[in-house]
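Since the structure comes first, as structure tokens, the remarks are kept for the end.
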Protein chains: 2
Amino acid sequence: MISKKTKYGLQALLLLSREYGEGPLLISDLAERERIPKKFLEYILLQLKNAGVLQSRKGKGGGYSLAKPPAEISVGRAIRILEGPLAPVACVSETAYQRCTECHDEATCGIRLVMKDVRDAMAEILDHTTLQDMLQRSEDEKKKLHGVVDFQI
Amino acid sequence: MISKKTKYGLQALLLLSREYGEGPLLISDLAERERIPKKFLEYILLQLKNAGVLQSRKGKGGGYSLAKPPAEISVGRAIRILEGPLAPVACVSETAYQRCTECHDEATCGIRLVMKDVRDAMAEILDHTTLQDMLQRSEDEKKKLHGVVDFQI
DNA sequence: GTTTTTGTCTATCGATTAAATAGACTATTT
DNA sequence: AAATAGTCTATTTAATCGATAGACAAAAAC
């Protein structure tokens, strides 16, 4: 289960993607529109900025915006920043590997071999899905669900 | 990341699978062989028993054993008992669904659509991998790594 | 039928993390 | 200078994780 922090972060990124190119958004606007505690969101956006995913400007007309187009930011990237490694166990993480202290022989540990498959399956999806893809899927679903309307005269 | 509890539980299940059919194992033996704090392991095994995965006998000659053959217990089952739902967000869980309180429209939420794919990919692996499979993969890997030895005269 | 063995149950503890909040500070614009 | 808006540090509260203690219950052995 991902934390609220990560979920809030993804919600904010999605909104910033939707309005990409239309100038920065205020933290307070983002907080209100996504119903996220403002102070908590500040802290989340700051992390994303320090990781290079967002950029900010102070003063009037300031706020946050994506540092790169939505098609160039993967969901996996955002999750790793906010939540940590994707891997279910540290000994199969590509980005935060740590030797296993519990098992007898890491190379032949059955748990590790299965968890490696799980990690790879997750990474395959999350590293190849961008913010734009996620937005697109949402739009496609909206069309599909309310599609009937489009065919009415 | 899975908790130590889940990892300990899987280690214990793997050992019980390896010795399936040879009578029950003592908690204290399991704890010592897998280097797990005994009291913590008691609590883990009890949960697995209450969920029907393990069976136990008290008194001399007692201990824990699998309630079913290792080929009939999936890794996903064990993880759900010890760790909770596989799904990254509750609104895509098959076994512990909860309506999303944060997003505006669950049906078209982009985060949810992507996380559903992740959940399905994880479940595909974990629900189709049994304790026996996990054991087998470990054995195969041992043979592969130390295989050279087998070909020596 | 008492003793020994071994699992069961309840409670608790300390440490860490999650979620949220407060307030002073700094940069930018007007 | 004043207003705006992000930045940084600290703190709080509650929940969860990992682990431990001890009384209790059932089964077997003597």
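Below, chains carry the letters A, B, ... as their sequence lines are ordered, and counting in each starts from 1.
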Residue pairs fulfilling ring-ring contact (aromatic ring centres under 6.0 Å, His included) with at least one residue in residues 96-132 of chain A, sequence neighbours excluded =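 Not a single pair qualifies under ring-ring contact (aromatic ring centres under 6.0 Å, His included).
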
Does anything in residues 21-60 of chain A form a ring-ring contact (aromatic ring centres under 6.0 Å, His included)? List the pairs, not counting sequence neighbours.
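Qualifying pairs, neighbours excluded: Y8(A)-F40(A).
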
Those residues at least two apart in sequence (or on a different chain) that pass ring-ring contact (aromatic ring centres under 6.0 Å, His included) with Y64(B) are none

I need the [atom1]-[atom2] distance between [X] and [N], as an integer number of Å.
{"X": "I44(B)", "N": "dC17(D)", "atom1": "CD1", "atom2": "P", "answer": "12 Å"}
{"X": "L54(A)", "N": "dA5(D)", "atom1": "CG", "atom2": "C1'", "answer": "16 Å"}
{"X": "I2(B)", "N": "dT16(D)", "atom1": "CD1", "atom2": "C1'", "answer": "16 Å"}
{"X": "Y43(B)", "N": "dG7(C)", "atom1": "OH", "atom2": "P", "answer": "18 Å"}
{"X": "M1(A)", "N": "dA15(D)", "atom1": "CE", "atom2": "P", "answer": "18 Å"}
{"X": "L48(B)", "N": "dT8(C)", "atom1": "CG", "atom2": "P", "answer": "11 Å"}

Rounded to the nearest 0.5 angstrom, the CG-CD1 distance for L41(B) and I27(B) is 6.5 Å

Residues at least two apart in sequence or cross-chain that pass salt bridge (Lys or Arg N to Asp or Glu O under 4.0 Å) with R33(A), listed by chain then number, are E19(A)

Sequence neighbours excluded, the answer for salt bridge (Lys or Arg N to Asp or Glu O under 4.0 Å) partners of R35(A) is none

Tabulate protein N/O versus nucleotide N/O from nucleotides 26-30 of chain C, keeping only pairs under 3.5 Å, one per line.
from	atom 1	to	atom 2	distance (Å)
dT26(C)	O2	K58(A)	NZ	3.3
dA27(C)	O4'	K58(A)	NZ	3.3

**Item:** Pair E106(B) + R99(B), salt bridge at N-O below 4.0 Å
**Value:** no

Tell me which residues in residues 80-97 of chain B lie within less than 4.0 Å of DNA chain C, going by non-hydrogen atoms.
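Contacting residues: none.
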
Task: Close approaches to DNA chain C from residues 5-18 of chain B, in residue order (heavy atom, under 4.0 Å) - done: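 Per residue number, the list is empty: none.
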
Open item on the list: Do L10(B) and M115(A) have side chains that approach each other closer than 4.5 Å (heavy atoms only, starting at C-beta)?
Closed with: yes

- Would you say S138(A)'s side chain and T108(B)'s backbone share a donor-acceptor pair under 3.5 angstrom? yes

Please tabulate, for side-chain N and O atoms in residues 117-126 of chain A, each donor-acceptor pair with protein atoms closer than 3.5 Å (sequence neighbours left out).
from	atom 1	to	atom 2	distance (Å)
D117(A)	OD2	R137(B)	NH1	2.6
D120(A)	OD1	K116(A)	NZ	3.2
D120(A)	OD2	K116(A)	NZ	3.3

| So, is S56(B) close to the dT6(C) phosphate, meaning a side-chain N or O under 4.0 Å from OP1 or OP2? | no

Scan nucleotides 11-14 of chain D against the protein and return all N/O pairs shorter than 3.5 Å with their distances rounded to 0.1 Å.
none

Determine all donor-acceptor pairs shorter than 3.5 Å in which one atom belongs to a side chain in residues 76-87 of chain A; sequence neighbours excluded.
from	atom 1	to	atom 2	distance (Å)
R77(A)	NH2	A51(A)	O	2.7
R80(A)	NH1	D127(A)	OD1	2.9
R80(A)	NH2	D127(A)	OD2	3.0
E83(A)	OE1	S3(A)	N	3.2
E83(A)	OE1	S3(A)	OG	2.8
E83(A)	OE1	T6(A)	OG1	2.3
E83(A)	OE2	S3(A)	N	3.4

Of S3(A) and E42(A), the one whose closest nucleotide on DNA chain C sits nearer the 5' end is S3(A)

Expected list for residues 22-41 of chain B near DNA chain D, using heavy atoms below 4.0 Å, is P37(B), K39(B), F40(B)

Worksheet entry | Worked verdict on K38(A) versus E32(A) for side chain to side chain contact (heavy atoms under 4.5 Å, CB included) | CA-CA 8 Å; K38(A) 191 190 157 202; E32(A) 201 177 338; over 6 Å; no

